[in-house]
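To keep things clear, I will list the structure first and then write my remarks on it.
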Amino acid sequence: MSQFIPYGRQDISQEDIQAVIEVLRSDWITSGPAIAQFEKAVADYCGANYAVAVSSATAALHIACLALSLEKGDSLWTSPNTFVASGNCGLYCGATVDFVDINPQTYNLSVEELERKLVSAKKEGCLPKVVIPVHFSGQSCEMEQIYQLSHQYGFKIIEDASHAIGGKYQGQPIGSCQFSEMAVFSFHPVKIVTTGEGGMIVTNREDLYEKLIRLRSHGITRNPQLMKGESDGPWYYQQLELGFNYRITDIQSALGISQMQRLEEFVLRRSQLAKRYQELLQGFPLTLPWQHPDTNSSWHLFVIRLKLEQISKTHRQVFEALRQGQIGVNLHYIPVYRQPYYQRFHYQWKDFPHTEQYYQEAISLPLYYGLTEIQQDRIIVDLTDILKH
Ligand SMILES: *Cc1c(COP(=O)(O)O)cnc(C)c1O
């Protein structure tokens, strides 16, 4: 029986382990100095002014929406080709959530479709307050165009960059927030760098930063300058709004700092493996990932689309045959509007033809730092066999 190859996995080095051990032996294992160091490492890497580390990207998306005062009566738009968390953050705030169909080449939210939808929402007086472009598979959305639309139609942008730390847009690191209010990263083990669970928000706006810091920890401040009235004494703190415990730990942050030092190496290896897939899968009845010239992907995912009219098997049969061969393929993503929970909002599937077609054809092949060329060859041999017979 051949060994199971997952679609993604973390890579933990001896240095990573050592960094965590040092924190475990130190005075602080929760909110100590490692958190601020981790935040600085990510902010510096991205060229953003501020970073706030939290317990997950889901938590990050939630408080990013709250920092923009998203609430009941407001509307949030995102891509349907994403993890449910990109939409759920709007629902947490009591807002309504709607989706913008994808671009059939990049699988990111389509700028043309966004504009079309904005024109009609303006007529009906239901423009979104927040739009969340998701940098699918690590490839940036067309941020400059989305940013222009945000000025024209008055919405704010939160980038869901969960896949995309280490990627670039127009030569700038994703997370520079040149074309957004905030960007969010995930440090789940399948993503580019990991802290176990963990997330981060980057921003250039000081007001948002202050708010995010409070929302991460119960809405509490210990800064006398931010308090209402006088401080009662050195023990004093005030809760100014309803926040959460979304804090990350020093243990996780130590791992994050160590992993950030390996980010370039991670992305380089992923892009080499992606290039090798591109070369070795030429001539197959497949659509391979297309890259917009303004982008450098971090290559979180390598998605192939089956040209079903040239294959005698169904999408499901190909998927099952790969899993049978111990290849941990996956499907990113089930369109969020298809989820049972989302059916109460009555989305019309036919409004998202490109997302629907994508969902009938897409398969994510294994791609991660530690994937060997021998494993990659096995995947390609299996795929060749399955597509031929
Ligand atoms: C992984 C992921 C999230 C959620 O990240 P967590 O850190 O697991 O909360 C959100 N959005 C996208 C696009 C993701 O891939």
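In listed order, ligands and their atoms are each counted from 1.
For H62 and F244, the distance between ring centers is under 6.0 angstrom.
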Close N/O pairs between ligand 1 and protein, under 3.5 Å:
from     : atom 1 : to   : atom 2 : distance (Å)
ligand 1 : 5 (O)  : S186 : OG     : 3.3
ligand 1 : 7 (O)  : A57  : N      : 2.9
ligand 1 : 7 (O)  : S186 : OG     : 2.8
ligand 1 : 9 (O)  : A57  : N      : 3.3
ligand 1 : 9 (O)  : T58  : N      : 2.9
ligand 1 : 9 (O)  : T58  : OG1    : 2.5
ligand 1 : 11 (N) : D160 : OD2    : 2.8
ligand 1 : 11 (N) : S162 : OG     : 3.3
ligand 1 : 15 (O) : H163 : NE2    : 2.8
ligand 1 : 15 (O) : K191 : NZ     : 3.0
ligand 1 : 15 (O) : Y333 : OH     : 3.1

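The main-chain N or O of K228 is found under 3.5 Å from a side-chain atom of Q238 such that the two form a donor-acceptor pair.
Residues E115 and L149 have side chains in contact (heavy-atom distance under 4.5 Å, counting atoms from C-beta outward).
Minimum interatomic distance between L127 and L118 (heavy atoms only, all atoms of both residues): CD2-O, 3.6 Å.
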(message) What verdict does the ring pair (Phe, Tyr, Trp, His ring centres under 6.0 Å) test give for F266 and Y369, after you've listed the backbone C-alpha separation in whole Å, the side-chain angles of each residue and the deciding distance to 0.1 Å?
(response) CA-CA 6 Å; F266 285 156; Y369 176 78; 5.0 Å; yes

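Neither side chain, Y236 nor E230, offers a donor N or O lying under 3.5 Å from an acceptor on the other.
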